[in-house]
Number of protein chains: 2
Amino acid sequence: MREGPDIARIASLVGDPARANMLTALMGGTALTASELALEAGVSLPTASSHLSKLMEGGLLTLASQGRHRYYGLAGPQVAGMIEAITGVAAAVGPQRVRPGPRDAAMRVARVCYDHLAGEQAVAMLDRLVARQVLLRDDKEIRLGPSAASHFAAIGIDVVSKARRPVCRACLDWSVRRSHLAGTLGAAILDKILLEKWARREKDSRAVIFSPMGKQAFEKVFLG
Amino acid sequence: MREGPDIARIASLVGDPARANMLTALMGGTALTASELALEAGVSLPTASSHLSKLMEGGLLTLASQGRHRYYGLAGPQVAGMIEAITGVAAAVGPQRVRPGPRDAAMRVARVCYDHLAGEQAVAMLDRLVARQVLLRDDKEIRLGPSAASHFAAIGIDVVSKARRPVCRACLDWSVRRSHLAGTLGAAILDKILLEKWARREKDSRAVIFSPMGKQAFEKVFLG
DNA sequence: TCAATGCTTCGATGAAGGACGAACTATGCG
DNA sequence: CGCATAGTTCGTCCTTCATCGAAGCATTGA
């Protein structure tokens, strides 16, 4: 009989369809209220409330009360990474899927991963940044290169770490099996992309759709 | 209501304690038989068999039949990565350690790991055998040294491999984070320890309790 | 061919927990 | 205040599924 971190406890939290839907919905990065999550999960409000308590108790969610609204969000990037990893296995393992619709294709190209960009675009970006030595990567770790500060400052992104959260982190992609950039820098880049309206978010989905011009701009700045 | 990869299905597979233990055991990288996994999970053989079918059906395991042995292993690095991600969250989220009781302390010192000895004693033993070059270890693999046959023959252990099972294998310890000796040799040594009554097994536990004299004898033979 | 071992299937049991309606608390708004 | 909206708690029903013993296959060795 094994000991150690209670992995079954965490996994079983994700293992309920209603809770899994809630967590998936929260992968979009924005915090949601209990009613919204109930709707996402397709259960009644009391049921959702019960699930949310469990997720809170399990440490997977954070709660921000604002007046009579209670906003639930993912507890952190580590939790988001776990959901991505599970999603990846589920996607790889379920070959009995109907042919990938247009939404799936879009998801493969670019999607939101909690607070940063994921998908082929994001993987290509990280590759390029490493090739140009703006970022340095050894093994699983990613660090800022000497030219990083000036490079990102030129496009209006400050790479100074304000919080305890790391600036750079690698996050494994489920569609491609390679890493993309997470951390505060990854989040800042996604902000920039949406702020500049290079891309818009598909409603009720994690997909990120680049406009033709936005794609060009993105490629010029990050893949150039 | 969401669509997409069935993440709840995968997570719920990991969400059962017995299955979680099996998967954790398989994280070592070596494939194990159904009986071994039953022991690891602390369930009966039929129960284990049922769990294994489910894990197979879920695509998390691969199966290699060799005669009447059926070796189960993780389906791939992606699955391993997922387990690791879940373990990470579980470790970060649950620092609530139960106070280590006397049984836990004993488990840390010495315990049975399905057919061989694990724990601090076992780790020390392997270290010493390698230091004396009775065993040779490179990377993760352990082989017999030139003096191994005579050395073990002197204490009544035959190192000739009868079965297909390897004589030496490294097994990662959860208490200490280092390896101990598994394989037929590991099993033979545990047999010897119990046969000579150097130690007895705690009932209903994996703990192995050395008598004062037994400990001396063990240290003389294996740590001398 | 017979016995032993490794493993799976079957059937019955029992406990865990997910579901919702109703009632309760809390915030906001006139 | 009184009413409406957002959430939680409670109680109960009910499905699911983990568990084990016994029996059934399959492989190996004698």
Side-chain angles (χ1 to χ4, degrees), chain A residues 1-2 6-23 25-26 31-58 60-73, chain B residues 1-2 6-26 30-58 60-73 114-115 161-165 184 187 204:
Chain A
M1 198 111 61
R2 299 224 149 216
D6 197 348
I7 134 174
R9 181 173 135 77
I10 300 300
S12 71
L13 282 175
V14 188
D16 175 83
R19 287 193 293 259
N21 281 331
M22 293 175 171
L23 291 168
L26 291 173
L32 299 172
T33 66
S35 337
E36 289 167 336
L37 288 167
L39 212 65
E40 284 288 346
V43 293
S44 73
L45 225 150
T47 304
S49 182
S50 149
H51 284 307
L52 288 170
S53 321
K54 281 170 191 165
L55 288 171
M56 283 296 296
E57 198 183 355
L60 265 46
L61 298 184
T62 53
L63 174 57
S65 285
Q66 281 180 17
R68 61 178 161 182
H69 293 271
R70 313 192 64 173
Y71 287 94
Y72 291 91
Chain B
M1 199 108 60
R2 303 225 145 214
D6 197 349
I7 133 175
R9 184 174 134 75
I10 301 300
S12 71
L13 281 175
V14 189
D16 176 82
R19 287 193 292 261
N21 282 330
M22 291 175 171
L23 290 168
T24 306
L26 290 172
T30 53
L32 299 173
T33 65
S35 338
E36 289 167 339
L37 288 168
L39 216 64
E40 284 288 347
V43 293
S44 74
L45 226 151
T47 302
S49 183
S50 149
H51 285 306
L52 289 169
S53 322
K54 283 171 190 165
L55 288 171
M56 283 297 294
E57 198 184 353
L60 297 187
L61 298 185
T62 52
L63 174 57
S65 285
Q66 281 181 15
R68 63 178 159 184
H69 294 269
R70 314 192 67 176
Y71 287 92
Y72 290 91
Y114 85 79
D115 68 351
S161 173
K162 301 171 189 89
R164 211 164 300 178
R165 188 173 160 208
T184 57
D204 291 333

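Just so we're on the same page: letters track the sequence lines, and every chain starts at 1.
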Could you write out each protein N or O paired with an N or O of nucleotides 12-14 of chain D at a distance under 3.5 Å?
none

*Measuring from B/Ile7:CD1 to A/Asn21:CG, what's the distance to the nearest 0.5 Å?*
8.5 Å
*Would you jot down, in residue-number order, the residues of residues 44-53 of chain B having a non-hydrogen atom under 4.0 Å from DNA chain D?*
B/Ser44, B/Pro46, B/Thr47, B/His51
*B/Arg19 CZ to D/dT19 C1': how many Å, rounded?*
12 Å
*Is there a side-chain polar atom (N or O) of B/Arg70 under 4.0 Å from OP1 or OP2 of D/dA26?*
no
*Atom of B/Leu13, atom of B/Gly58 and distance for their closest heavy-atom approach*: CD1-CA, 3.7 Å
*If you fit an axis to the five pairs at each end of the helix from C/dT1-D/dA30 to C/dG30-D/dC1, how big is the angle between those two axes, to 10 degrees?*
30°
_Please find the pair of heavy atoms, one from A/Leu32 and one from A/Ala25, that lie closest to each other, and give the distance._
CD1-CB, 4.2 Å
_Quick one: does any side-chain atom of A/Arg19 pair with a main-chain N or O of A/Ser12 as donor and acceptor, under 3.5 Å?_
yes
_Using every non-hydrogen atom in the two residues, find where A/Asp16 and A/Ala18 come nearest and quote the distance to one decimal._
OD2-N, 3.0 Å
*Let me know the distance between CG of B/Leu63 and P of C/dG6, rounded to the nearest Å.*
17 Å
*CZ of A/Arg70 to OG of A/Ser35: how many Å apart, nearest 0.5 Å?*
11.5 Å
*State, without any angle test, whether A/Ser53 and A/Ser50 hold a side-chain donor-acceptor pair at a distance under 3.5 Å.*
no
*Take atom NZ of A/Lys54 and atom C1' of C/dG18, then tell me their distance rounded to the nearest Å.*
7 Å
_Whole-Å gap separating P (D/dT9) and CD (A/Glu57)_ = 11 Å
*asked:* Test your reading of the model: is there a side-chain donor-acceptor pair from B/Thr24 to the backbone of B/Ala20, 3.5 Å cut-off?
replied: yes
_Nearest-0.5 Å distance that lies between atom CG in B/Leu55 and atom CG in B/Leu61_ = 4.5 Å
_Using 0.5 Å steps for rounding, measure from the CD atom of A/Glu36 to the CG atom of A/Leu26._
9.5 Å
*Nearest-Å distance, CG (A/Leu13) to P (C/dG18)?*
9 Å
*Supply the atom-to-atom distance B/Leu63 CG to B/Met56 CE, rounded to the nearest 0.5 angstrom.*
5.0 Å
*Does A/Tyr72 place a side-chain N or O at less than 4.0 Å from the phosphate oxygens OP1/OP2 of D/dA6?*
no
